[in-house]
Amino acid sequence: MANKEFLPPSHLKASAHVSSMAQYKQMYEQSISDPESFWREIAKDLHWESQPSDKFFDYNFDHTSGPIFVKWMQGAKTNVAYNVLDRHIQNGKGDKIAFYWEGNDVMDEKKITFSELKTEVCRFANVLKDFGIQKGNKVSLYMPMILELVIAMLACARLGVVHSIVFAGFSAEALTNRILDAKCCAIVTADGMWRGTKLINLKNIADEAIKRCKENGYNIDHCIVVRHLSPNPNELRNGNSCTQQIPAKRPCYDLKINWDSSRDKWWHDLMSTKTDEESKKCPPVWCDAEDPLFMLYTSGSTGKPKGVLHTTGGYMLYAYTTFKYVFDYHDDDVFWCTADIGWITGHSYVCYGPLVNGSTSVIFEGVPYYPTAGRYWEIVEKYKVSKFYTAPTAIRCLMKYGDEFVNNHDVSSLKVLGSVGEPINPEAWLWYHNVVGKGKCAVVDTFWQTETGGHVLTPLPGATPTKPGSATFPFFGIRPAILTAEGKEVKGPVEEGYLVFKQPWPGMMRTVYGNHERFETTYFKKFPGYYCTGDGARRDEDDYIWITGRIDDMVNVSGHLISTAEVEAAIAEHSAVAEAAVVSHPHSVKGECTYGFVILNDGFELTDKLITELKCKVRTKIGPFAQPDYIQYAPGLPKTRSGKIMRRILRKIAVGDTDFGDISTLADESVLGLILKHRPQTI
Ligand code: WT7
């Protein structure tokens, strides 16, 4: 079944940007053999204040011949906020809706046009300027999925200020580490947010992070707070709020927050000083194509998150191109990506990709099953969503509730269904295709990473025959290869190997912020001359690429990469724990989850209370989403003679599989039986 091919829907083909495999191949060949003219041509769609000074692109992927670097269009000047707003307004699209905002509460909705968005962005940019924040400074955004988040991002982009968004599910400690690493001079947050029935007091978490920064000798002078949960009625009446579509009908929640008036400022108070015509304008700061646009932290296999740095010109060009072709974007589309802006998917396909194409999209604050498991489909019906993009974990979760939740709604507006974040199992793919898409939509399984900036392996809706579970073929400009452990390229159908890329594309990361050496070591040292994804892949007899999962110590929980080392470090902080090892374990909805083995110090016993405390450690050090599903006692750990934990064996024990394969390098075999004996019976 998994090898069955699904042809592109004929009704899409007629108007598709790429409508056949022959056309895809021809464009692909050109993008590979002459990247410069390929991307130069596309770049003409965007505004550049000046042209590149020298080479259109330049790079070195081989650390043995010098430092690794990637540059696109260096010397060209542009501004991303100008491209996503002013450019469309000049083209007569000012009154087009940029976003429909749908709150967690079903009664809560807003909308904003491109012109209105530009005004809000300029006003907030002027607020930042008043604080003396300028090009090259970094600002941390720790916010719910609200329009103010996009406004803050674009205000930064307008000034050349680098945003560092921290997903609002991260803990105070994780936020602290990210602020310190990035050296952010200000933080923008909100009073709080609802996720389904859960109320999260964001301001308190931000306060805690600011306090911890101070303890580390680092002061945050400005904390700007959006009043999201208890809107001030005056603010709504005098037109200073960020949209015209008010009042939001949510009940007012009295959220108790603390206030330090020397540092904390309400967003609406600051914005209320920006109501005259002059304050509603802010000229874009022209940035070099290679100036940083944003950084975004992603887990690292050593445990310390890496600040992935993306730059201005190349990222914008790539977000523009991938969005246009992968979702086959047309002017009358309503696009909806369900990802949180706090992850790269939200950066590229909630904010930058749709906006740079001038698309109308939906931003949704809530969760898929609140108030019912029909919420997604209700939203699709309400806004007539034509292109929909979500994660396999959400699909599997909704599948469990049954088909009626989809069937109760008119989802006939849908044309393209995207999947991202983890391998999609054929069962979920088929449900997505048949039940959500009624067999008439193209399903695009897009493989990419925080580091790649945009899609790198993906079908194109009007061209690629798809196979459930395969991310199919490379996007334009991407040259994949599959390598053996010895670094030899394998041609033709193979079993699993290392997925790598041979040449740069405009949207790839440029460095790990503040640690270029780590960038080189993580992605380039293993196989000189190649960017190494850290994923395994194989190619079938028809040349389709199938991602087989991570080959490092990373676990993909609900589409989010979590480093086992980071979870281990959190657990090992507890005084009861002598040593911890964490591995991945299959999970029917999350795809994978984490499973911890703990060796305890003398006098401790692994009680339910202790398990809760250990999970709590992970919640506070990283965030609730990283909490292990299982923790078991281990009298010892399987180690090689050189002391390395053999996680391969622990993964087997976690699922109760006793076929350990080759254990000849194991120092002490007897430990296996002892660990197995303590495996909980309820798994
Ligand atoms: C890792 C990147 C950018 C997407 C959001 C996650 C896995 C992502 C797929 C897919 C199989 C996938 C890989 C990758 N992954 N998309 N379509 N099929 N695996 O971004 O947190 O940087 O994670 O997610 O393992 O390396 P991320």
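Every number for a ligand or one of its atoms is a count from 1 in the order of the listing. When reading the values below, keep in mind they use all heavy atoms of this one structure, side chains included, and skip hydrogens, waters and symmetry mates.
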Write 'none' if nothing qualifies; otherwise put on separate lines each N/O atom of ligand 1 with a protein N/O atom under 3.5 Å away and their distance to 0.1 Å.
residue  : atom   : partner : partner atom : Å
ligand 1 : 15 (N) : Gly421  : O            : 3.3
ligand 1 : 16 (N) : Gly421  : N            : 3.2
ligand 1 : 17 (N) : Asp445  : OD1          : 2.7
ligand 1 : 17 (N) : Thr446  : O            : 2.7
ligand 1 : 18 (N) : Glu422  : O            : 3.4
ligand 1 : 19 (N) : Pro423  : N            : 3.4
ligand 1 : 22 (O) : Thr450  : N            : 2.8
ligand 1 : 22 (O) : Thr450  : OG1          : 2.6
ligand 1 : 24 (O) : Gly421  : O            : 3.2
ligand 1 : 24 (O) : Asn556  : ND2          : 3.4
ligand 1 : 25 (O) : Asp535  : OD1          : 2.5
ligand 1 : 25 (O) : Asp535  : OD2          : 3.4
ligand 1 : 26 (O) : Gln449  : NE2          : 2.9
ligand 1 : 26 (O) : Asp535  : OD2          : 2.4
ligand 1 : 26 (O) : Arg550  : NH1          : 2.8

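Here Trp448 and Phe475 keep their ring centres 6.0 angstrom or further from each other.
Every residue meeting the side chain to side chain contact (heavy atoms under 4.5 Å, CB included) condition with Asn104, not counting sequence neighbours, appears here in chain and number order: Trp194, Glu365, Tyr370.
Counting only distance, with no hydrogens or angles, the side chain of His433 and the backbone of Leu417 share no donor-acceptor pair below 3.5 Å.
Side-chain contact, Lys400 with Ser588: a donor N or O sits under 3.5 Å from an acceptor N or O. Side-chain N/O atoms of Tyr523 and Glu451 include a donor and acceptor closer than 3.5 Å.
In summary, Glu422 and Arg396 engage in a salt bridge, as defined by a charged side-chain N under 4.0 Å from a carboxylate O.
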